2 protein chains.
Amino acid sequence: MLNATTASLPLAHEVLAAVLQVRQESLQVLLWERGMEPHAHRWSLPGGRLRADEDVESSIRRQLAEKVDVRQVSHVEQLAVFSAPDRVPGPRVIATAFLCLVPSHMDPELPDDTAWHPVESLPHTAFDHGAIVLRARNRLRAKLSYTNIGFALAPPAFTISALRELYSAALGYRVSATNLQRVLARRGLLAPTGETSRPGRAGGRPAAQFRFADTSMAVTDPFAVLRPPGERR
Amino acid sequence: MLNATTASLPLAHEVLAAVLQVRQESLQVLLWERGMEPHAHRWSLPGGRLRADEDVESSIRRQLAEKVDVRQVSHVEQLAVFSAPDRVPGPRVIATAFLCLVPSHMDPELPDDTAWHPVESLPHTAFDHGAIVLRARNRLRAKLSYTNIGFALAPPAFTISALRELYSAALGYRVSATNLQRVLARRGLLAPTGETSRPGRAGGRPAAQFRFADTSMAVTDPFAVLRPPGERR
DNA sequence: TCAAAAGTGTTTATACTACACCCATGA
DNA sequence: TCATGGGTGTAGTATAAACACTTTTGA
């Protein structure tokens, strides 16, 4: 089946996280500035080598803890493997990349070398990390439409217009608050908290607060078509 | 950032393929029976070690060639990384799993140790390969609904009722030919070939033949809701 | 009483399903 | 001419967008 002399070379495995959060009305990613070669002064994704006793998801959760409080990470999912033989200089390293989300009300303390950057205007990135960030953004955008993943971007309670801001920032285009409300309500994702939030100085009707009915990811539109007989959304 | 003495251990990386095809009205997967320990006589996925000069996708395509003619594989996509430390006995091996599809009109010659098995009644599988197969089936089912991935299961030309059989087998429930036709036609995926196929001995109107307009995967229902303004399906 | 922001009602368009009905063939 | 399988017409329902209108507040 395989020729051990040519086929099997030991190599290293790393895990990388594209940690996304909506900050200042734009979708941003957590990057740290490399101090040393290779690619010194370029910005790279948090992560590092996989240890012998952990799977990739445990590993990325452990390594993220060096940058942000793990309790502030609301969602973690595998994104893809990046495996081009020359993706990093020197000995070969395969990377498993993750998409991680932080809700908008969190503002984790960051190490000095670490900062948030808008996904739409990334700084000079190291290795293939820029491509990984864009892939993560695309995955998030797709899932906002057919899952309840918005819960991972939002605070525990929020107004519809605040939620609209989050969706608009993540999707990159204006979303209507009216229709967002109706889509999420029809799918049973929104539950009213009963609270309202005070209007700003300019006045206006107080906004009702909502929360997401579930706080783990679920597919809410599983069959765009070709639904099994008898199943209703 | 990382402590080289504890964090970085060399390890092996393998690629595995869940090759799916609709055969005899059921979704089947290509497995080979292990001759040697560990897990002798259990059935496992084709694949093997990643070589130094190839990325994971090149590797799975190369290794599949030992089982089936590569030209018969109509679609290849990354599925997920399987990385539990004890997923295989002995030295640690991380696996990148792929979903691969073979169109229903192909019947590749197989090595003696290799055979097709219905996904719904898998034999005793080796390691975590059973879970990988189920994950591949779920991915295929989801994508049948919002992409044109059906092209990878179907022959170059087909009747709607033949296509209905393929979708029904892959999805695991009966699909209506009428509505399948209209959904795919509305999305512009079907093109008539002009040919018709002869009715069987029992008679019946000759069926028009169609082909898929595209033969590479594209998302056809990108935003179930929350579509950008102005974009129509 | 006016401006601002939130929320609701209503119209229109489209997507999808279900099912009745018509069509073209073999026996 | 009948059984069989293929294909179309059409109505009913669900989904969603657009936009006008009402509600509730601060100044």
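Not measured: the values here are computed from a predicted model. Convention: sequence-line order gives letters A, B, ...; per-chain numbering from 1.
Under the salt bridge (charged side-chain N to carboxylate O under 4.0 Å, His left out) criterion, B:Arg71 pairs with B:Asp69, sequence neighbours left out. For A:Ser176, the side chain to side chain contact (heavy atoms under 4.5 Å, CB included) partners at least two apart in sequence or on another chain are A:Thr178, A:Asn179. Every side chain to side chain contact (heavy atoms under 4.5 Å, CB included) that B:Arg42 has, sequence neighbours left out, goes to B:His39, B:His124, B:Ala126.
For the pair B:Arg139 (side chain) and B:Leu79 (backbone), a donor-acceptor distance under 3.5 Å is present. Under the 3.5 Å distance criterion, the side-chain polar atoms of B:Asp113 are left unmatched by any main-chain donor or acceptor of B:Trp32.
Between the CZ atom of A:Arg186 and the C1' atom of D:dA16 there is a distance of 6 Å, rounded to whole Å. Residue A:Leu180 contributes atom CG, which lies 15 Å from atom C1' of D:dA18 at whole-angstrom precision. The distance between atom OH of B:Tyr146 and atom P of C:dC16, rounded to the nearest whole Å, is 15 Å. Taking atom CG on B:Asn179 and atom P on D:dA14, their separation rounds to 16 Å, with Å as the unit. As rounded to whole Å, 14 Å separates atom C1' of C:dA15 from atom CG of B:Leu184.
Put simply, CZ on A:Arg87 and CG on B:Asp55 are 11.5 Å apart, with the number rounded to the nearest 0.5 Å. Here the CG atom belonging to A:Asp128 is positioned 11.5 Å from the CG atom belonging to A:Leu134, to the nearest 0.5 angstrom.
Ring-plane geometry between A:Phe212 and A:Phe158 is classed as tilted, the angle between the planes lying from 30 to 60 degrees on a 0 to 90 degree scale.
Dashed line: the shortest gap from a side-chain N or O of A:Arg187 to OP1 or OP2 of D:dA16 is under 4.0 Å.
At least one side-chain heavy atom of A:Phe98 sits under 4.5 Å from a side-chain heavy atom of A:Gln78.
Donor-acceptor pairing under 3.5 Å is lacking for the side chains of B:Ser197 and B:Glu195.
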Seminar exercise, completed: B/S/- along nucleotides 4-13 of chain D (protein heavy atoms under 4.0 Å) is BBBSBBB---
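Within residues 189-197 of chain A, no residue has any heavy atom closer than 4.0 Å to DNA chain D.
Here the nucleotide nearest the side chain of B:Pro199, chosen from D:dA17, C:dT25, D:dT25, is C:dT25.
With respect to the salt-bridge test (charged N to carboxylate O, under 4.0 angstrom), the residues A:Arg61 and A:Glu54 do not qualify.
Rounded to 10 degrees, the angle between the two end axes of the helix from C:dT1-D:dA27 to C:dA27-D:dT1 is 20°, with five pairs used at each end.
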